[in-house]
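Beneath this line is the structure, given in structure tokens, with notes to follow.
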Amino acid sequence: MGTDVGYQRLVEKLEEAMAESIQEKLNNYKTAPFDARFPNQNQTRNCWQNYLDFHRCEKTLTAKGHDTAVCEWYHRVYKSLCPTAWVSQWDEQREQGTFPGKI
């Protein structure tokens with residue numbers, strides 16, 4: 001009987017911990033906010049612009065010797081909006097020097 005009570009308490013504690021963990025993840029999840037420059041449902045241009053803005057910001061601040069942490073906003077937005085396949089392709093193109101955007 002004592003074992004069943006101990007087991008039940010353990011299960012309750014695990015369920016509470018899991019619920020708190022899930023709730024914490026939901027509370028911390030952030031996605032791209034509304035941007036008036038891109039009012040339509042199709043967010044392709046928003047994705048592209050934030051990808052460019054991130055790399056421009058990073059390039060400029062690195063050249064000036066400043067901390068690039070302020071560029072993190074653009075990174076979070078494009079990571080939220082852009083399909084990973086696009087980002088991978090753009091990263092490869094940047095490495096090869098064939099990226100079509102102006103950074």
Can you give the donor-acceptor pairs under 3.5 Å from side chains of residues 57-68 to other protein atoms, not counting sequence neighbours?
from: Lys59; atom 1: NZ; to: Ile103; atom 2: O; distance (Å): 3.0
from: Thr60; atom 1: OG1; to: Arg56; atom 2: O; distance (Å): 2.8
from: Thr62; atom 1: OG1; to: Glu58; atom 2: O; distance (Å): 2.6
from: Asp67; atom 1: OD1; to: Ala69; atom 2: N; distance (Å): 3.3

Partners passing side chain to side chain donor-acceptor pair (under 3.5 Å) against Glu72 (at least two apart in sequence or in another chain): His75
Sequence-distant partners of Asp53, side chain to side chain donor-acceptor pair (under 3.5 Å), two or more places apart: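 Testing Asp53 for side chain to side chain donor-acceptor pair (under 3.5 Å), a comparison that skips the adjacent residues, returns Gln49.
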Trp73 reachable from Val87 in the ILVMFWY side-chain graph, under 4.5 Å edges: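 Shared cluster, yes.
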CZ (Phe54) with more than 12 external heavy atoms under 6.0 Å: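 Counting other residues, nucleotides and ligands, CZ of Phe54 exceeds 12 neighbours.
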Side chain Asn40, main chain Asn42, donor-acceptor under 3.5 Å: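 No; zero donor-acceptor contacts below 3.5 Å.
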Pairs flagged by salt bridge (Lys or Arg N to Asp or Glu O under 4.0 Å) wherever residues 94-103 is involved - sequence neighbours left out: Asp91-Arg94
Ring centers of Trp90, Trp48 separated by less than 6.0 Å: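 Trp90 vs Trp48: aromatic centres under 6.0 Å.
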Residue list, side chain to side chain contact (heavy atoms under 4.5 Å, CB included) with Ser88, at least two apart or on another chain: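 Ser88: no side chain to side chain contact (heavy atoms under 4.5 Å, CB included) contacts found.
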Sequence-distant partners of Thr98, side chain to side chain contact (heavy atoms under 4.5 Å, CB included), two or more places apart: Gln93, Gln96
Residue pairs, two or more places apart or on separate chains, that pass disulfide (SG to SG under 2.5 Å) and touch residues 74-103: Cys47-Cys82
Atom pair CG/CZ of Leu81 and Phe38 - distance to nearest 0.5 Å: 9.5 Å
From Tyr78 atom OH to Leu52 atom CG, the distance as rounded to the nearest 0.5 Å: 10.5 Å
Plane angle bin for Phe99 and Tyr51 - parallel if under 30°, tilted between 30 and 60°, otherwise perpendicular: tilted
